[in-house]
Amino acid sequence: MKMSQSSEITLDHKELVDLLRMAYSAEKAASFAYQGHAASVNNVEEKAAIRQIELDEWNHRAEVLAIMKQYNIPVSKWYEFRFYVIGKTISMSCHFIGWFMPFYFAGKLESGNVCEYFRMMQYFHSLGILEYNTILYEMGMKEKEHEIYFLSKIKNKKLLPFFEKLFAWGSAKSLNDVDLEQKYPIESSALYCKKNED
Ligand SMILES: [Fe+2]
Ligand SMILES: [Fe+2]
């Protein structure tokens, strides 16, 4: 019988490990960005909604870290630095670029984040690991809710058709195939985001 000397459990999937490390750091960037975004809007309801989304992102970061710890995956110092700079830069820029753009680009970013969690689920499944289905499903769906919130704020704005054409996200274009009105059950949710794969 082969016994490992070390008790370390590792995750033998390069893309998955990298995706986890990146998501962990990118969630911090998102939280920072939403701090600036919330501070830059005057409307009290918008401020509260964005603050809640910031908290959701901190929560995602904690959940991703919990998974990383189970496999002894170290936090990437490079990603932490890179996403610190990105998050703080976006946070500051929210004060100078008007009302529309922070909502637009937040929505586009969230749209892309949805598939990160379903792709993680697919990667885990390729290793026969099903235990994170629920948490990954919840995080993916939460990002979708964020996307829909930001879209709801801008969908009637005159600038949207122009931005949608330019940046390929908006009322008619999403970066994922999740429909909140008709969700797949958790067990089938690895079917999401198949066509978004690189
Ligand atoms: Fe998130
Ligand atoms: Fe989000």
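Hydrogens, waters and symmetry mates play no part in the numbers below; they use all other heavy atoms, side chains included. Whatever order the structure lists them in is the order used to number ligands and atoms, beginning at 1. The residues of the chain are indexed from 1 along the displayed sequence.
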The N/O/S atom of Glu143 lying closest to the Fe ion (ligand 2) is OE1

Could you check Glu147 against Val178 for side-chain contact (heavy atoms from CB on, under 4.5 Å), going step by step and ending with a plain yes or no?
-> CA-CA 11 Å; Glu147 176 190 0; Val178 177; over 6 Å; no

Does the pair Phe103 and Tyr149 meet the rule for a side-chain contact (heavy atoms from CB on, under 4.5 Å), with working shown?
-> CA-CA 9 Å; Phe103 278 97; Tyr149 168 73; 4.1 Å; yes

Tell me, yes or no, whether the heavy-atom count around Glu131 atom CD, taken from other residues, nucleotides or ligands under 6.0 Å, exceeds 12.
-> yes

Under 2.8 Å: N/O/S of Glu147 next to the Fe ion (ligand 2) | no

Taking the Fe ion (ligand 1) as the vertex, how big is the angle to OE1 in Glu27 and ND1 in His60, rounded to 10°?
-> 110°

Assess whether atom CZ of Phe167 is packed by more than 12 heavy atoms of other residues, nucleotides or ligands within 6.0 Å.
-> yes

Any N, O or S atom of Glu110 closer than 2.8 Å to the Fe ion (ligand 1) | no

Pairing of Lys142 and Glu145 as salt bridge, 4.0 angstrom limit | yes

Among N, O or S atoms, His146 approaches the Fe ion (ligand 2) most closely through ND1

Shortest-distance N, O or S atom of Glu57 relative to the Fe ion (ligand 2) = OE2

